[in-house]
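Reviewing the structure listed below.
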Amino acid sequence: MRKSYLIPEFRVEIDHTRCRRCKRCIMNCSYEALSFSDRVVADHFKCVACHRCIVFCPENVITVRKNPVDFKESFNWTNRHRLDIWKQAETGGIPLTGMGNDLPYQIIWDHLVLDACQVTNPSIDPLREPMELRTYLGKKPDSLQFEETADGKIKLKEKPPKNIKLEMPVVFSPMSYGSISLNAHKAMAMTAKEMGIVMHTGEGGLHKDLYDYSDYMIVQCASGRFGVHAEYLKRGIAVDIKIGQGAKPGIGGHLPGEKVGLDISKTRMIPIGTDALSPAPHHDIYSIEDLRQLIYAIKEATNYKPVSVKIATVHNVAAIVSGIVRAGADIVYLDGFRGGTGASPKIVRDHVGIPLELALAAVDDRLREEGIRNQASIIAAGSIRSSADAIKAIALGADAVAIGTAALVAIGCRVCQTCHMGKCAWGIATQRPELARRLDPEIAAERLINMLKAWKFEIKEVLGSLGLNAIESLRGSRERLRGIGLDAQTLDILGVKPAGK
């Protein structure tokens, strides 16, 4: 057997003087980094820093550290480059990874600050004054026509298009049953119902256990058409056509056959143990006209429920979205280049696509210039990490934001970026029954609800400081933002002034 040139990324240190040898850490380590040989011993190569052993050690004797191995310094040849080359030299394959882009590109959200009221414009106390976070997603009419009824009442002349009501401007991102466990899906469904928001099913179909939550589901139709049938389309309150994904623009999806057990097989309508491959293109969409046909076919099949189109943020995104809106989409889902995923080629995840912030501003500008901004809502996604990111996204022009990784972190995810291995120790990104049952959906839902309630309070506090009592009043209000440390061209695309002006 040839010797590997790789070195461990982490080191697991155990204080054996206090370890009671209960082996609980070994039982919790799904990556098999820990074993017992007279005492607990670690295989540092296998540790991914999921922290499960630390959390469940009754004596708190385990520490996981970044392996403090020094390389000869080089600004050009970083440790990351060297480790990737060693992996490729040993396997000949494309390195895969999970979650979002972690390269140190500038995070524009962190260089935007919000305005606040002072003397001339009074702020609002959200503890004493009502604050409206309700948002409606979907096409809005160009104008409203009224008529008087026989009994003298005034009513709308035409029925407005169907919209999706959100009690706060947040939805759960599309994460398929397959990429994450059924218990994770259940937790999000319960949370969506409790909080009056919605979740996307992702491309894996809708498990029958979640049919009771249909009123809080946006079902997805991706290129693989997994689990797509008439009842599925009708159960959702809207249908999302997935064209692209922020973590892998232009790349299809792949759920390995070993993850396709009986339940996933039934839900996706594929044989047990077969790979679920989603090709990059939809084989019936090669133009905006083709997309229009699919949008209206789905509308006909669902009695004209809203249809969303999800794309990755890429160059010329504003023109692409203009075409999508003119093709009849009610919602456009923009997924930025930091968006998460269960598995992506590392090179694509890290180097393809553009930042969400720039795409969002460009899209909002283009739709306003063309006078069609009311014809579709915009959902902004791709590493929305906090309520602050959400508020800034809405000020840049989004109607709502979608959260994926933030939701997973709330229920235990450590962002160790090994979702593609299917060994998630927290029972989230896995289909192994013994791991999936570690995630209690009731407890996970409670954690998610708490997080969203906290975000709700935070959003209200910021709105109050801005002197606003409705989230709708903030949408596209870029004059309430200022940039710090952003170059002139970036500020110009964002439509935001530098701080001090």
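Keep in mind it's a predicted model, so treat the numbers as computed, not measured.
Minimum interatomic distance between Asp290 and Asp284 (heavy atoms only, all atoms of both residues): CB-O, 3.3 Å. In this structure, Tyr105 and Asp350 approach most closely via the heavy-atom pair OH-O, 2.9 Å. The two residues Gly427 and Leu439 have their closest heavy-atom pair at O-CB, 3.8 Å. The shortest non-hydrogen separation linking Leu463 to Ala470 is CD1-C, 4.1 Å. When all heavy atoms are compared, the tightest approach of Ala247 to Gly340 is CB-O, 3.6 Å. Listed here is the closest heavy atom pair of Ser465 and Asp115: OG-O, 4.4 Å.
With 3.5 Å as the limit, one finds a donor-acceptor pair spanning the side chains of Ser179 and Ser176. Side-chain contact of Ser377 with Tyr136: a donor-acceptor pair under 3.5 Å is absent, judged by distance alone. Inspection of the Ser322 and Glu370 side chains reveals an N or O donor paired with an N or O acceptor under 3.5 Å. Between the side chains of Arg437 and Ser181, no donor N or O sits under 3.5 Å from an acceptor N or O. Under 3.5 Å, the side chains of Asn374 and Asp142 contain a donor-acceptor pair of N or O atoms.
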Any chance you could lay out the side-chain hydrogen bond (donor to acceptor under 3.5 Å, both in side chains) test for Asn163 and Lys139, step after step, and finish with the verdict?
CA-CA 7 Å; Asn163 271 221; Lys139 190 188 300 286; over 6 Å; no

Check the pair Gln245 / Asp335 against side-chain hydrogen bond (donor to acceptor under 3.5 Å, both in side chains), numbers first and verdict last.
CA-CA 6 Å; Gln245 185 178 350; Asp335 202 16; 5.2 Å; no

One pair to check against side-chain contact (heavy atoms from CB on, under 4.5 Å): Glu231 and Tyr211. What are the steps and the verdict?
CA-CA 10 Å; Glu231 187 185 5; Tyr211 276 16; 3.6 Å; yes

Verdict with reasoning, Arg349 to Thr341, per side-chain hydrogen bond (donor to acceptor under 3.5 Å, both in side chains)
CA-CA 9 Å; Arg349 187 201 66 173; Thr341 180; over 6 Å; no

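Salt-bridge formation is not detected for the pair Asp492/Lys497: no Lys NZ or Arg NE/NH1/NH2 atom is positioned less than 4.0 Å from an Asp or Glu carboxylate oxygen. With respect to Arg475 and Glu472, a salt bridge is recorded, a charged nitrogen being found less than 4.0 Å from a carboxylate O. Using a cutoff of 4.0 Å between basic side-chain nitrogens and carboxylate oxygens, Arg338 and Asp102 are not scored as salt-bridged. The existence of a salt bridge linking Glu167 and Arg134 is confirmed by a sub-4.0 Å separation between a basic side-chain nitrogen and an acidic carboxylate oxygen.
A 6.0 Å sphere centred on CD of Glu442 holds no more than 12 heavy atoms belonging to other residues, nucleotides or ligands. Heavy-atom contacts from other residues, nucleotides or ligands closer than 6.0 Å to CD1 of Ile107 number more than 12. The neighbour count for Lys162 NZ, taken as heavy atoms of other residues, nucleotides or ligands under 6.0 Å away, is above 12. Counting non-hydrogen atoms of other residues, nucleotides and ligands closer than 6.0 Å to CD of Glu147 gives a total above 12.
Side-chain contact between Asp330 and Tyr304 is absent, with no heavy-atom pair separated by less than 4.5 Å.
Counting only distance, with no hydrogens or angles, the side chain of His282 and the backbone of Lys242 share a donor-acceptor pair below 3.5 Å.
The distance between the ring centers of His200 and Tyr333 falls below 6.0 angstrom.
Relative orientation of the Tyr177 and His185 rings is tilted, given thresholds of 30° and 60° on the angle between their planes.
Cation-pi contact between Lys299 and Tyr296: present, with separation from the ring centre below 6.0 Å and deviation from the ring axis of at most 45°.
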